[in-house]
Amino acid sequence: MNTPNPADSEASVQESETLSRRVADDLHERIEQAAKVGAELEHGLHERGEQLTDKSRDLRTNLTQIVRDNPWAVVGGSVALGILIGVLTRRR
């Protein structure tokens, strides 16, 4: 029978530890990359949200001004739109 060689066993343990370190380092690097991409996406979404908020605020201001300047035209348009929707939904 072959008796286990302590040097072979120690070399095997060291090789396993080296492999484990390489795998851990690679995983750590990939996690850092994913976190960086996530942070960039979060920043982009935050900027886009601010832009949309600004646009909606401008739209609200413009619509408010149109309604104040032309209240009867807005009422007439709303009535016409309601009639059109009513006609289209009855046909189905």
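All residue numbers in this chain count up from 1 along the given sequence.
When the salt bridge (Lys or Arg N to Asp or Glu O under 4.0 Å) test is applied to R57, the partners found at least two apart in sequence or on another chain are D54. Every side chain to side chain donor-acceptor pair (under 3.5 Å) that E47 has, sequence neighbours left out, goes to H43.
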Check residues 30-42 and write down every donor-acceptor pair under 3.5 Å in which the side-chain atom is one partner and the other belongs to a residue at least two apart or another chain.
{"unit_1": "R30", "atom_1": "NE", "unit_2": "D26", "atom_2": "OD2", "d": "3.2"}
{"unit_1": "E32", "atom_1": "OE2", "unit_2": "H28", "atom_2": "NE2", "d": "2.8"}

Atom pairs and distances, side-chain donor-acceptor, residues 68-75, under 3.5 Å, sequence neighbours left out:
{"unit_1": "D69", "atom_1": "OD1", "unit_2": "Q65", "atom_2": "NE2", "d": "3.0"}
{"unit_1": "D69", "atom_1": "OD2", "unit_2": "Q65", "atom_2": "NE2", "d": "3.3"}

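The side chain to side chain contact (heavy atoms under 4.5 Å, CB included) with I85 is formed by just one residue from the set L81, I83, V87; it is L81.
The side chain to side chain donor-acceptor pair (under 3.5 Å) pairs that include a residue from residues 15-25 number zero, where partners must be two or more places apart or lie in different chains.
Applying the 4.5 Å side-chain rule to ILVMFWY residues, one finds V23, L27 in the same cluster as L19.
Note that CD1 of I66 is 11.0 Å distant from OG1 of T61, once rounded to the nearest 0.5 Å. Summarising the geometry, atom CG belonging to D58 is positioned 11.0 Å from atom CG belonging to L63; distances are rounded to the nearest 0.5 Å.
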